[in-house]
*Asks:* 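Have a look at this one.
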Amino acid sequence: MTAEMTAPAWMHEQITAEQYDSWSDEQCAGIEIVDGMVVVSPSASKRHNRLARFLANALESAAGPDWNADTDFDVRLQDVPLTNRRPDVVVYRADTIDITPTRPEHVLLVVEVVSPGSETTDRIVKTDQYAKSGIAFYWRVEQAVTGVPLLYTYVLDPAARAYRNGDVFTGVVKVSAPFQVEIDLGRI
């Protein structure tokens, strides 16, 4: 193994919130921290990114002035051990735009677009982590073989700190309050 192929030491050590906060945006791009350990994710496909952007744009336009919808930034689920997740889409309170890190209490909804290799993480691990952190809504988008994505919705049961299954949508998605938006997933 050559020197270029050796993983940096920080990939084998538990990272603290203070260490992570000192890293540049470039160092943090494309990684998540789970229980203090760095998790590197492969780059998403164009279809994955397009679907996430489409959903973020639709949610942003429907959310009104109190909420923002964005892609590609960390949500700090816990400080010790450090757990930062980077959902594909995050709907968060507009008045917290300059607060870093974004915390679960700032977030209304997280969306994960499932890619090959992330199925178990998106279907089980992240669902549990987002629920335990208190995020009210979780959407999981499966890229079906038919080309028409399936959208699974989950609603938090605050007492159990677990999600209960919501509706499953395909094609046109009609979202009720607070968003009241119709999303045509069949066009992605």
*Asks:* Judged by atom type as modelled, is there a donor-acceptor pair below 3.5 Å linking the side chain of T121 to the main-chain atoms of S118?
*Replies:* no
*Asks:* Show your working on side chain to side chain contact (heavy atoms under 4.5 Å, CB included) between L156 and R164 and close with a plain yes or no.
*Replies:* CA-CA 6 Å; L156 184 66; R164 60 180 166 76; over 6 Å; no
*Asks:* E32 and R85: salt bridge (Lys or Arg N to Asp or Glu O under 4.0 Å), yes or no, with the steps?
*Replies:* CA-CA 5 Å; E32 293 179 313; R85 285 295 189 180; 2.6 Å; yes
*Asks:* Test side chain to side chain contact (heavy atoms under 4.5 Å, CB included) on T127 and Y138; report intermediate values, then the result.
*Replies:* CA-CA 7 Å; T127 305; Y138 175 57; 3.1 Å; yes
*Asks:* According to a hydrophobic-cluster definition based on side-chain heavy atoms being under 4.5 Å apart (Ile, Leu, Val, Met, Phe, Trp, Tyr only), do V75 and Y163 belong together?
*Replies:* yes
*Asks:* Would you check if the side chain of Q78 reaches a backbone N or O of P81 as a donor-acceptor pair within less than 3.5 Å?
*Replies:* yes
*Asks:* Indicate, with yes or no, if V40 and I15 share a hydrophobic cluster defined by side-chain heavy-atom contacts under 4.5 Å among Ile, Leu, Val, Met, Phe, Trp and Tyr.
*Replies:* yes
*Asks:* State the CG-CG distance between D66 and D95, to the nearest 0.5 angstrom.
*Replies:* 8.0 Å
*Asks:* Do I31 and I33 have side chains that get closer than 4.5 Å, going by heavy atoms?
*Replies:* yes
*Asks:* Between R140 and E112 (salt bridge meaning N to carboxylate O under 4.0 Å), is one present in this structure?
*Replies:* no
*Asks:* Using the rule that two of Ile, Leu, Val, Met, Phe, Trp, Tyr join whenever any of their side-chain heavy atoms come within less than 4.5 Å, decide whether V155 and V89 are in one cluster.
*Replies:* yes
*Asks:* Can you find a pair of side-chain heavy atoms, one from V168 and one from L151, that are under 4.5 Å apart?
*Replies:* no
*Asks:* Tell me yes or no: between the side chains of H48 and D88, is some donor less than 3.5 Å from an acceptor?
*Replies:* yes
*Asks:* Can you name the nearest heavy-atom pair linking A94 to P65, along with the distance?
*Replies:* CB-O, 3.4 Å
*Asks:* Please round to the nearest 0.5 Å and tell me the distance separating atom OG1 of T71 and atom CG of L51.
*Replies:* 12.0 Å
*Asks:* On a heavy-atom basis, which atom in A162 and which in A131 lie closest, and how many Å separate them?
*Replies:* CA-CB, 3.8 Å
*Asks:* What pair of heavy atoms forms the shortest contact from S133 to P104, and how long is it?
*Replies:* O-CB, 3.3 Å
*Asks:* Quick one: which of L55, V91, N68 gives a side chain to side chain contact (heavy atoms under 4.5 Å, CB included) with E60?
*Replies:* N68
*Asks:* Quick one: does N49's side chain get under 4.5 Å of R53's, heavy atoms only?
*Replies:* no
*Asks:* Within the 3.5 Å criterion, strictly below it, is a donor on D70 or Y92 matched to an acceptor on the partner's side chain?
*Replies:* yes
*Asks:* Could you check if a side-chain atom of D74 sits within less than 4.5 angstrom of a side-chain atom of Y20, using non-hydrogen atoms only?
*Replies:* yes
*Asks:* Yes or no on side chain to side chain contact (heavy atoms under 4.5 Å, CB included) for E13 and Q19, after CA distance, side-chain angles and deciding distance?
*Replies:* CA-CA 11 Å; E13 300 170 0; Q19 288 171 311; 5.6 Å; no
*Asks:* Taking the side chain as every heavy atom from C-beta outward, state whether W139 and L59 have any atom pair closer than 4.5 Å.
*Replies:* yes
*Asks:* Using a 4.5 Å cut-off on heavy atoms from C-beta on, say whether the side chain of H106 contacts that of R103.
*Replies:* yes
*Asks:* Under a 4.5 Å side-chain heavy-atom rule over Ile, Leu, Val, Met, Phe, Trp and Tyr, are V125 and V39 clustered together?
*Replies:* no
*Asks:* Quick one: are P87 and Y130 in side-chain contact, heavy atoms under 4.5 Å?
*Replies:* yes
*Asks:* Between E105 and R93, is the closest basic N to carboxylate O distance under 4.0 Å?
*Replies:* no
*Asks:* Taking Q14 for its side chain and D35 for its backbone only, find out whether a donor-acceptor pair lies under 3.5 Å.
*Replies:* yes
*Asks:* Decide side chain to side chain contact (heavy atoms under 4.5 Å, CB included) for V111 and V141; before the verdict, give the C-alpha distance in whole Å, the side-chain angles of both, and the deciding distance to 0.1 Å.
*Replies:* CA-CA 7 Å; V111 180; V141 181; 3.9 Å; yes
*Asks:* Do R76 and T83 have side chains that get closer than 4.5 Å, going by heavy atoms?
*Replies:* no
*Asks:* Show your working on side-chain hydrogen bond (donor to acceptor under 3.5 Å, both in side chains) between Y152 and D167 and close with a plain yes or no.
*Replies:* CA-CA 6 Å; Y152 296 85; D167 295 320; over 6 Å; no
*Asks:* Please tell me whether V34 and I135 are part of a single hydrophobic cluster in this structure, the criterion being side-chain heavy atoms less than 4.5 Å apart.
*Replies:* no
